[in-house]
Structure formats: C-alpha cells, structure tokens
Peer 1: 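Quick one: the structure is below, questions incoming.
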Amino acid sequence: KTHLAQAAAHNAVNRPQTRRLVYRTEVRLQSEITSSPIDNREAMMAEVCSVPWLVLDDLGEAAKTAQWGSTLDRLVDSRWLDRSCRTLITTNLMSDRMSLRMASRLRDAGRCRRVVIDAPDYRIHQGRPEGS
C-alpha cells in the first residue's frame, strides 16, 4: 500500500495541474499536530484540510485518543465536503473499526473509490522483518 501511495504521490506532483501535495503517515501527522504549540495547530489543520492533494498513509496506526479521533474526523469530513481536494488513504482497517462519520464518508461510492489490494506484505516478501 505504501509503495503504491508513494507512486501515486510521485505521479501527482509530476502533473502540471498539481499545485501542492502533502504526504504523511497518520502517525507522523498526529505527532506533528499534537506536538506543535496550540496556536499553530489550527494553522496546521487548515493546511492539511485544504491542500489540493493529501496522501494519508496507514490510517489506523496512530494512538487512539478521543482528541485525535475528533481531529481525524474533522480532517476527513472537511476534505470530503470540499470537492476540489483529493485524498488518497491507505489502511488495513475495516470500516467497522472506524468512526461512523469517517466510515460513511469513505463508503460513499459517488465520491470515493475503494481499491482492495490482495498481495503479500512487501517487507516480508523481501525477507525483511516488519518494521525494519
């Protein structure tokens, strides 16, 4: 999933019409937002909510807190409402493990395309243990 997400991001930034793209794992995004000074958090959220292309890799891997769940719901909802924003999300989560609001947004066939990848883990396939 990550390699495909990175390839899609690379392809997007090489197109003349792509103005800006943000690529983050959920864990990194959570860390950047929650560790920033409070007065910077809104500016960071505004950027991530409005950037023309967002690649959010490994949704479901960040620490689960009520505050982060609310932040993530706000992010996905904001991008879902703004049709000019494009979002690519990778996840191992099934929709029954997501918030109802997020799952409903991601199941909207009129706005989202779901691609199921049935392939072995690249890290294991390459003989490297997971996480290395």
Peer 1: Once side chain to side chain contact (heavy atoms under 4.5 Å, CB included) is applied, do any residues pair with Asp77, and if so which ones, sequence neighbours excluded?
Peer 2: Trp80, Leu81, Arg101, Arg105
Peer 1: Return a table of donor-acceptor pairs under 3.5 angstrom between the side chains of residues 21-28 and protein atoms on other chains or two or more places apart.
Peer 2:
from  : atom 1 : to    : atom 2 : distance (Å)
Tyr23 : OH     : Asp57 : OD2    : 2.7
Arg24 : NE     : Glu32 : OE1    : 2.9
Arg24 : NE     : Glu32 : OE2    : 3.1
Thr25 : OG1    : Arg28 : N      : 3.1
Glu26 : OE1    : Gly60 : N      : 2.4
Glu26 : OE1    : Glu61 : N      : 3.2
Glu26 : OE1    : Ala62 : N      : 3.4
Glu26 : OE2    : Trp68 : NE1    : 2.7
Arg28 : NE     : Glu32 : OE2    : 2.8
Arg28 : NH2    : Glu32 : OE2    : 3.4

Peer 1: Going by side chain to side chain contact (heavy atoms under 4.5 Å, CB included), Leu75 matches just one of Ile33, Thr87, Leu54. Which one?
Peer 2: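 Exactly one candidate clears the test, Leu54.
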Peer 1: Group every Ile, Leu, Val, Met, Phe, Trp and Tyr by side-chain heavy-atom contacts under 4.5 Å, then state whether Met45 and Leu72 land in the same group.
Peer 2: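 In one cluster: yes.
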Peer 1: If you measure from CG on Leu59 to NZ on Lys1, what distance do you get to the nearest 0.5 Å?
Peer 2: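 Nearest 0.5 Å value for the CG-NZ distance: 10.5 Å.
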Peer 1: When rounded to the nearest 0.5 angstrom, what distance separates CZ in Arg114 from OG1 in Thr91?
Peer 2: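 Here the interatomic distance stands at 10.5 Å.
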Peer 1: Between CE of Met98 and CZ of Arg107, what distance do you get to the nearest 0.5 Å?
Peer 2: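 So the gap between those two atoms works out to 9.0 Å.
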Peer 1: Ignoring hydrogens and angles, tell me if any N or O in the side chain of Asn14 forms a donor-acceptor pair with the backbone of His10 under 3.5 Å.
Peer 2: yes
Peer 1: Please say whether more than 12 non-hydrogen atoms of neighbouring residues, nucleotides or ligands are located less than 6.0 Å from CG in Leu100.
Peer 2: no
Peer 1: State whether the side chain of Ser70 and the backbone N or O of Ala66 hold a donor-acceptor pair below 3.5 Å, judged by distance alone.
Peer 2: no
Peer 1: Taking all heavy atoms of Ser78 and all of Cys49, pick out the closest pair and write down the distance.
Peer 2: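 Looks like OG-CB, 3.5 Å.
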Peer 1: Return the minimal non-hydrogen interatomic distance between Arg41 and Thr34, and the atom names on each side.
Peer 2: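 So the minimum-distance heavy-atom pair works out to NH2-O, 2.8 Å.
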Peer 1: Could you check whether any side-chain N or O of Arg86 sits under 3.5 Å from a backbone N or O of Arg83, counting only pairs where one atom can act as donor and the other as acceptor?
Peer 2: yes
Peer 1: State whether the side chain of Thr90 and the backbone N or O of Asp58 hold a donor-acceptor pair below 3.5 Å, judged by distance alone.
Peer 2: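 At least one qualifying donor-acceptor pair exists.
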Peer 1: Could you tell me which residues satisfy side-chain hydrogen bond (donor to acceptor under 3.5 Å, both in side chains) with Arg74, sequence neighbours excluded, listed by chain and number?
Peer 2: Glu42
Peer 1: Under the side chain to side chain contact (heavy atoms under 4.5 Å, CB included) rule, what do Arg79 and Val51 come out as? Steps first, then yes or no, please.
Peer 2: CA-CA 9 Å; Arg79 297 188 63 80; Val51 68; 3.6 Å; yes
